Amino acid sequence: MYPQSLPLAILESQHPQYKELLPQINDIHLLTAGGYRLKQAIKQFIPRRNGEEAEVYETRIKKFTFSPILSNAITSQISKLSKGSIEVSGLESDPNFWAYFREHNDLAGKRAEKQLLAQIFTSILKYKKAYLHIDRKSAPVKAKNKAQEKVLNLNPYVNVYCASQVTNWSEDSAESPTWIKVRQLTQDTSNPMAPALTVATWTFIDQQEVAKYSAFVKLDSNGQIVEILDEKGEAIATKEEAKVPLASITQHNVGSIPIVKVELSDELWVGDQAVAKAIQHLRTECHKYDIETLSYVQRQWNPIQTPDSDPSKTYVDSEEQAKTGPQYVLQGNFEWKEAEGKILPQLEASLQQTKQEVEDIISGRSKSGTNKGALEQSGLSKAFDLSDENEQITLYGAVLTQAYQNILQLVAKVQGLNSDIISVTGLQDFNIDNAESLLAKLTSISAIDLSSLKDKLPPLVLKILYSKLSEMLVGNMSASQSEELTKQIESLLANTVAQPVSVAPVIDLAAA
């Protein structure tokens, strides 16, 4: 199906929906990445004012400043999700394999279950959707059976592709992908005698094969490919005439496309809702800093002197009109005074309000606490905010548990295991509380005589109770820690001896 080479125009083709969302995706990427990436693209967010001279604009741009309010708010939401726990059943067919996979699910074998869920959650919060590719390590020889696969360590792993990387696709009536195309840019520094080269790779994944096309490329300032290069970095073709060779093609033998698509509804995609406010905060912050350092761009301007000898000469309607504005100072007698007024406090108040609005959008809080500090909020107001947060993050939890169930079922299919019995639940209780509330819960738990409950509750209920109380206290646990906790709870319940109930002797007052 895939030819030995493809024109660059075909490889660079984009889905109409991708084209529509790309500007928004790029804005979100820059605002959450920050640092040098944002600084290089700062003119995209701080345009030149009407009539502003190039020198003044460049000076203003150099005073760029930035507070990462969007990325901080997203990180806070991810931290809340990590306090939840998941429960997986149906992995009894090969417990050793599943124990390893849940702790080593990337190609490098370093990413655990919690980190995978956090990476997926980050991607969909920012860009609305993500594509998860279940792949296998390549081997020098073809494995003939499962035993050889284990020897060669050909375990499945998960690639996470964000929405900016998947440039084209096709879907069936159920909106499940039938094929996707992934575009990735990497740096090749393998040759110490040559400069670093940019490598473009296009990966097609369909229901039968995975095909890769790759080439060294030269990019323009907008990240678009303008030339195809050889291994020495010399141009060999322009983008109009370039053809990119097929690098590899493999049969995945899954029987269906090995892709899990995760997508948020428009209502839950908070990255799109918050990006405009984040841009407003950036511009206001840069404008405030520009005002605070305005004296550094002031210049002297000599007013034009109209010759007395020629009354007809005037500077009215002339190109040499006296320039005005805060960046110019007319020559003459003047004195410097500190800027007066309320503009700086107003800008500071605007920054704080915008920051709060971004945090509210990302967390799903109501506006009850927007105009009050955390200490000023009433207990009822805090309770409403926490309820809103918990409701929204629970909806995210439902999306992630379904996605992870789909991942495990697809991994089981790739591994030749029974996938129908696998089920994933959880991510419904996240303990979104302040320190005061957590201390109150700890005090309440300490007051419970759990040993006295053994005779009053069924064993299964008591086991679940122990698990819930433990998760409430420690929250974030790895799969191995969760498994070890279950064993310790079972051991604890098995060794717990019901305390005898003391009964006061009955005294026969009549006999006495």
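Treat the numbers as computed from the prediction; the structure is a model and nothing was measured.
Legend: residues meeting side chain to side chain donor-acceptor pair (under 3.5 Å) with Glu240, ordered by chain and number and at least two apart, are Thr238. Applying the salt bridge (charged side-chain N to carboxylate O under 4.0 Å, His left out) test to Lys239 and every residue at least two apart in sequence or in another chain returns nothing. In this structure, Trp269 has no side chain to side chain donor-acceptor pair (under 3.5 Å) partners at least two apart in sequence or on a different chain. Ala403 meets the side-chain contact (heavy atoms from CB on, under 4.5 Å) test with Val262; sequence neighbours excluded. Residues satisfying the salt bridge (charged side-chain N to carboxylate O under 4.0 Å, His left out) criterion with Lys128, sequence neighbours excluded, are Glu263, Asp266. For the side-chain contact (heavy atoms from CB on, under 4.5 Å) test, residues two or more places apart in sequence or in another chain that qualify with His133 are Asp135, Asn159, Tyr161, Ile205, Val210, Pro258, Ile259. Arg183 is linked by a salt bridge (charged side-chain N to carboxylate O under 4.0 Å, His left out) to Glu12, counting only residues two or more places apart in sequence or in another chain. Checked against side-chain contact (heavy atoms from CB on, under 4.5 Å), Pro245 has no partners two or more places apart in sequence or in another chain. Taking the side-chain contact (heavy atoms from CB on, under 4.5 Å) definition, one finds that Thr186 meets it with Val199, sequence neighbours left out. Listed by chain and residue number, Gln251 satisfy the side chain to side chain donor-acceptor pair (under 3.5 Å) test with Glu209 (two or more places apart in sequence, or in another chain).
Salt-bridge check for Glu58 with Lys62: failed, with every basic side-chain N at 4.0 Å or more from each acidic carboxylate O.
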Can you list, pair by pair, the side-chain donor-acceptor contacts under 3.5 Å of residues 65-72, counting residues two or more places apart and other chains?
from: Ser67; atom 1: OG; to: Glu285; atom 2: OE1; distance (Å): 3.3
from: Ser67; atom 1: OG; to: Glu285; atom 2: OE2; distance (Å): 2.7
from: Ser71; atom 1: OG; to: Pro68; atom 2: O; distance (Å): 3.2
from: Asn72; atom 1: ND2; to: Pro68; atom 2: O; distance (Å): 3.2

Show me the donor-acceptor pairs within less than 3.5 Å that the side chains of residues 226-235 make with the rest of the protein, sequence neighbours left out.
from: Asp230; atom 1: OD1; to: Lys232; atom 2: N; distance (Å): 2.9
from: Asp230; atom 1: OD1; to: Gly233; atom 2: N; distance (Å): 3.0
from: Asp230; atom 1: OD1; to: Glu234; atom 2: N; distance (Å): 2.8

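For the pair Ser363/Gln392, no side-chain contact is recorded, criterion being any heavy-atom separation below 4.5 Å from C-beta on.
Judged by distance alone, the side chains of Asp27 and Gln44 do bring a donor and an acceptor atom under 3.5 Å apart.
A side chain to side chain donor-acceptor pair (under 3.5 Å) with Asn105 holds for exactly one of Arg111, Lys110, Gln115, Glu113; it is Arg111.
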